[in-house]
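For clarity, every value in this text was computed on a predicted model and none was experimentally measured.
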Amino acid sequence: RTLGKTPSEFEIVEFILTRLKEGFRMIRTPMGEPPGSRGIAWVMNNPDGNQTYIKLKIEADGIFDVAWVVSCHTSKHQK
């Protein structure tokens with residue numbers, strides 16, 4: 001992506017799909033309070049080397065698997 005340019009929704013999804021195809025590690029994270037009450041999310045930490053935090057929720061509806069991009073932003077825990 002171009003420095004300083006806000007990516008489109010399509011570009012964000014394309015970036016995530018590329019990382020998934022490359023086998024980028026995701027961390028299982030319970031959502032809600034109590035943890036898990038709103039399902040399970042999957043987190044990608046720093047997939048671009050720029051401290052980006054991406055949270056996905058993956059659901060199966062019996063026919064298709066659907067992935068929702070819950071969050072995509074610069075990590076609050078930048079080093």
Side-chain angles (χ1 to χ4, degrees):
R1 98 179 168 115
T2 306
L3 185 62
K5 177 185 172 286
T6 300
S8 69
E9 291 174 357
F10 177 79
E11 288 170 324
I12 292 170
V13 170
E14 187 176 61
F15 175 80
I16 292 168
L17 286 172
T18 300
R19 292 298 141 334
L20 290 173
K21 288 176 184 174
E22 293 172 351
F24 192 87
R25 191 184 103 168
M26 295 194 307
I27 300 166
R28 184 180 190 271
T29 306
M31 295 175 65
E33 193 57 50
S37 63
R38 294 191 180 254
I40 300 299
W42 296 89
V43 172
M44 299 173 122
N45 282 313
N46 198 23
D48 60 354
N50 290 315
Q51 302 303 319
T52 300
Y53 173 92
I54 299 170
K55 184 187 287 185
L56 304 173
K57 181 153 190 215
I58 302 171
E59 300 175 335
D61 69 1
I63 299 172
F64 298 105
D65 290 337
V66 178
W68 302 92
V69 179
V70 177
S71 184
C72 181
H73 58 83
T74 302
S75 174
K76 296 176 186 173
H77 306 286
Q78 288 189 52
K79 294 180 181 179

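A pairwise comparison of heavy atoms in H73 and S71 identifies CD2-OG, 2.8 Å as the closest pair. Nearest heavy-atom pair, M31 versus A41, reported as atom, atom and distance to 0.1 Å: SD-CB, 3.4 Å. Considering every non-hydrogen atom in both G36 and P30, the closest pair reads N-CB, 3.4 Å.
By the criterion of side-chain heavy atoms lying less than 4.5 angstrom apart, applied directly or through intervening Ile, Leu, Val, Met, Phe, Trp or Tyr residues, F15 is grouped together with M26 in one hydrophobic cluster. Cluster annotation: F24 is connected to I58 through the hydrophobic network of ILVMFWY side chains, with a link wherever side-chain heavy atoms come within less than 4.5 Å. Under the 4.5 Å side-chain contact rule for hydrophobic residues, M44 and I40 share a cluster.
With N50 contributing its side chain and T52 its backbone, the two residues share no donor-acceptor pair below 3.5 Å.
We find the CD-CZ distance between E22 and R19 to be 4.5 Å, quoted to the nearest 0.5 Å. One finds the CG atom of L17 at 12.0 Å from the CD1 atom of I12 (value rounded to the nearest 0.5 Å).
Side-chain contact between V69 and L56 is present, with heavy atoms from C-beta onward closer than 4.5 Å. Residues Y53 and N45 are in side-chain contact: their nearest non-hydrogen atoms beyond the backbone lie under 4.5 Å apart.
Sparse packing is recorded around CD of E9, with 12 or fewer heavy atoms of other residues, nucleotides or ligands lying under 6.0 Å away.
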Practice item. I would like to know whether W42 and K55 meet side-chain contact (heavy atoms from CB on, under 4.5 Å); could you show each step before the answer? Key: CA-CA 6 Å; W42 296 89; K55 184 187 287 185; over 6 Å; no

